Student: 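Right, I'll just put the structure down here and ask away after.
Quantities reported herein were computed from a predicted structural model and do not represent experimental measurements. Only heavy atoms go into these numbers, but all of them, side chains included; no hydrogens, no water, no symmetry mates. Residue numbers begin at 1 in each chain, while the letters A, B, ... track the order of the sequences.
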There are 2 protein chains.
Amino acid sequence: MQLITIQPETLFQALADETRLRIIRLLVVADKEACLCELVDSLQEPSYKLSRHLKILRQAGLLSSQKEGRWVYHRLVTEPSYLETLYATVQALPDGDQVYQADLARFTERIRLREGGRCRVGILSDDLKVENK
Amino acid sequence: MQLITIQPETLFQALADETRLRIIRLLVVADKEACLCELVDSLQEPSYKLSRHLKILRQAGLLSSQKEGRWVYHRLVTEPSYLETLYATVQALPDGDQVYQADLARFTERIRLREGGRCRVGILSDDLKVENK
DNA sequence: ATAATAGTTGCTCTATAGTGCAACTATGCA
DNA sequence: TGCATAGTTGCACTATAGAGCAACTATTAT
């Protein structure tokens with residue numbers, strides 16, 4: 001049950017950003033949940049950036065996030081039912097420069113590293129890791 | 001045929017504004033075209049404001065506008081087909097504070113003044129008229 | 001305990017979006 | 001021919017959104 005009502009504009013505002021659309025579209029098409037590090041490797045974007053966008057999607061009621069130890073799994077929210085219609089639209093959008101296709105390809109590769117369906121490795125793309133001095 | 005490809009984000013950006021959602025929702029639910037002055041009286045917003053929002057919707061590929069004498073009629077674009085799905089979502093959105101319902105009520109009343117299906121009067125809400133000194 | 005790492009967030013900066021006012025164009029009517 | 005009016009747009013102002021950096025928390029493994 002959702003106590004505070006989310007404004008319709010907020011919903012569309014959440015999708016009005018390329019990075020967030022890539023996240024949503026990936027989760028819609030792959031029909032899977034994903035943790036941040038898997039998204040970092042799939043979208044090739046820094047974790048702090050994705051973390052913030054995930055928060056915006058969560059606040060818009062599109063995503064639910066569950067912590068499991070070190071990892072946080074993000075999945076699409078499917079209620080209320082018009083969200084399913086919305087995801088159908090997202091899935092039907094053109095992929096002019098094959099960005100989504102490339103994201104999905106990396107994601108598919110990446111989740112092959114899961115053990116028992118759970119993520120067991122961190123960020124693999126060296127250039128996206130945050131180094132602790 | 002659409003020569004320049006509209007980015008998916010642009011589509012959602014266009015809907016990420018209360019005024020523009022009111023316009024789209026009104027046209028979806030009423031299943032009618034409307035001219036600016038009818039929209040001004042229905043949404044109770046100044047014409048310069050709506051005119052700009054209509055332009056944004058047009059540029060996003062959601063609206064087509066045709067001039068007929070003094071009046072410009074705006075109608076929803078239905079191609080490509082995922083736009084229909086998008087409108088279905090818009091129609092299914094909650095109307096918490098009955099804003100859309102009130103807009104529709106005023107619009108229904110307003111288009112009763114048409115003659116032969118065409119708008120024959122201008123802005124009726126005195127407080128929204130732009131006075132020429 | 002300590003180090004490594006998954007993830008988050010405060011801060012600053014820059015770009016862009018929305019508003020209102022006022023001036024503008026274009027069309028029809030007296 | 002000139003006026004009223006449907007509609008558009010340049011300008012200035014303000015608010016907000018997104019990015020990057022760096023510091024932070026929390027959890028696991030050694």
Student: Which residues end up grouped with Tyr73(B) if you chain together Ile, Leu, Val, Met, Phe, Trp and Tyr wherever their side-chain heavy atoms are less than 4.5 Å apart?
Tutor: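 Noted: Tyr73(B) shares its cluster with Trp71(B).
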Student: Of His53(B) and Arg58(A), whose nearest nucleotide on DNA chain C comes first from the 5' end?
Tutor: Arg58(A)
Student: Tell me the side chain to side chain donor-acceptor pair (under 3.5 Å) pairs involving residues 101-111 of chain A, sequence neighbours left out?
Tutor: Arg22(A)-Asp103(A), Asp41(A)-Arg110(A), Asp103(A)-Arg106(A), Glu109(A)-Arg112(A)
Student: Side-chain contact test, heavy atoms from C-beta onward, threshold under 4.5 Å: evaluate it for Phe12(A) versus Leu21(B) and give yes or no.
Tutor: yes
Student: With a 4.0 Å cut-off on heavy atoms, is Arg20(A) in touch with a base, just the backbone sugar-phosphate, or nothing at all?
Tutor: sugar-phosphate
Student: What is the distance from CG of Leu15(B) to C1' of dA17(C), rounded to the nearest Å?
Tutor: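 Checked: the CG to C1' distance equals 15 Å.
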Student: Taking C-beta and beyond as the side chain, do Leu11(B) and Leu93(A) meet within less than 4.5 Å on heavy atoms?
Tutor: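 Side-chain contact under 4.5 Å: yes.
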Student: Just the rounded figure in Å: distance from P of dG7(D) to CG of Leu50(B).
Tutor: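 In whole Å, dG7(D) P and Leu50(B) CG are 10 Å from each other.
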Student: Can you sort out which residues in residues 24-37 of chain A have a heavy atom within less than 4.0 Å of DNA chain C? Ascending by number, please.
Tutor: Cys35(A), Leu36(A), Cys37(A)
Student: Could I get the full list of salt bridge (charged side-chain N to carboxylate O under 4.0 Å, His left out) partners for Glu68(A), not counting sequence neighbours?
Tutor: Arg118(A)
Student: Tell me, please, which residues at least two apart from Lys49(A) pass salt bridge (charged side-chain N to carboxylate O under 4.0 Å, His left out).
Tutor: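 With sequence neighbours excluded, Lys49(A) shows a salt bridge (charged side-chain N to carboxylate O under 4.0 Å, His left out) to Glu45(A), given in chain and number order.
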Student: Without decimals, in angstroms, what is the distance between Leu63(A) CG and dT8(C) P?
Tutor: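 Between P of dT8(C) and CG of Leu63(A): 11 Å.
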Student: At a cut-off of 3.5 Å, list every protein nitrogen or oxygen paired with a nitrogen or oxygen from nucleotides 10-12 of chain C, distance to 0.1 Å.
Tutor:
residue, atom, partner, partner atom, Å
dG10(C), O6, Arg52(A), NH2, 2.1

Student: Taking CG from Asp17(B) and P from dT16(D), how many angstroms apart are they, rounded to a whole number?
Tutor: 14 Å
Student: Separation of Glu45(A) atom CD from dC21(D) atom P, in whole Å?
Tutor: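 Whole-Å distance recorded here is 13 Å.
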Student: Look at the side chain of Gln13(A) and decide which nucleotide, out of dA6(D), dG18(D), dG18(C), has an atom nearest to it.
Tutor: dG18(D)
Student: Can you name the residues that form a side chain to side chain contact (heavy atoms under 4.5 Å, CB included) with Ser64(A), not counting sequence neighbours?
Tutor: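 Scan of Ser64(A) (side chain to side chain contact (heavy atoms under 4.5 Å, CB included), adjacent residues dropped) gives Gln66(A), Arg75(A), Val77(A).
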Student: Just the atom pairs and distances: protein N or O near nucleotides 26-30 of chain C's N or O, under 3.5 Å.
Tutor:
residue, atom, partner, partner atom, Å
dA26(C), O3', Lys67(B), NZ, 3.3
dT27(C), OP1, Lys67(B), NZ, 3.4

Student: dT8(C) P sits how many Å from Tyr73(A) OH, rounded?
Tutor: 13 Å
Student: Looking at residues at least two apart in the chain, or sitting in another chain, which of them share a side chain to side chain contact (heavy atoms under 4.5 Å, CB included) with Val29(A)?
Tutor: Arg25(A), Gln91(A), Leu104(A)
Student: Can you list the residues that meet the side chain to side chain contact (heavy atoms under 4.5 Å, CB included) rule with Gln7(A), with sequence neighbours excluded?
Tutor: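 Checked Gln7(A) against side chain to side chain contact (heavy atoms under 4.5 Å, CB included); matches are Glu9(A), Thr10(A).
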Student: Rounding to an integer number of Å, can you tell me how far Leu54(A) CG sits from dT8(C) C1'?
Tutor: 11 Å
Student: Is the side chain of Asp17(A) donor-acceptor paired with the backbone N or O of Thr19(A) at a distance under 3.5 Å, no angle test?
Tutor: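 Looks like yes, one N/O pair under 3.5 Å.
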Student: Can you tell me the distance, in whole Å, between the CG atom of Leu39(A) and the C1' atom of dT8(C)?
Tutor: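 Going from CG in Leu39(A) over to C1' in dT8(C) covers 15 Å.
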Student: Under 4.0 Å, counting only non-hydrogen atoms across every strand here, what does Arg118(B) touch: a base, just sugar-phosphate, or nothing?
Tutor: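 Touches nothing.
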Student: Counting only pairs under 3.5 Å, give me each side-chain donor-acceptor contact of residues 50-62 of chain B, with atom names and distances, residues two or more places apart or in other chains.
Tutor:
residue, atom, partner, partner atom, Å
His53(B), ND1, Arg20(B), NH1, 3.1
Arg58(B), NE, Ser65(B), OG, 2.9

Student: Could you tell me which residues satisfy side chain to side chain donor-acceptor pair (under 3.5 Å) with Arg114(B), sequence neighbours excluded, listed by chain and number?
Tutor: Glu38(B)
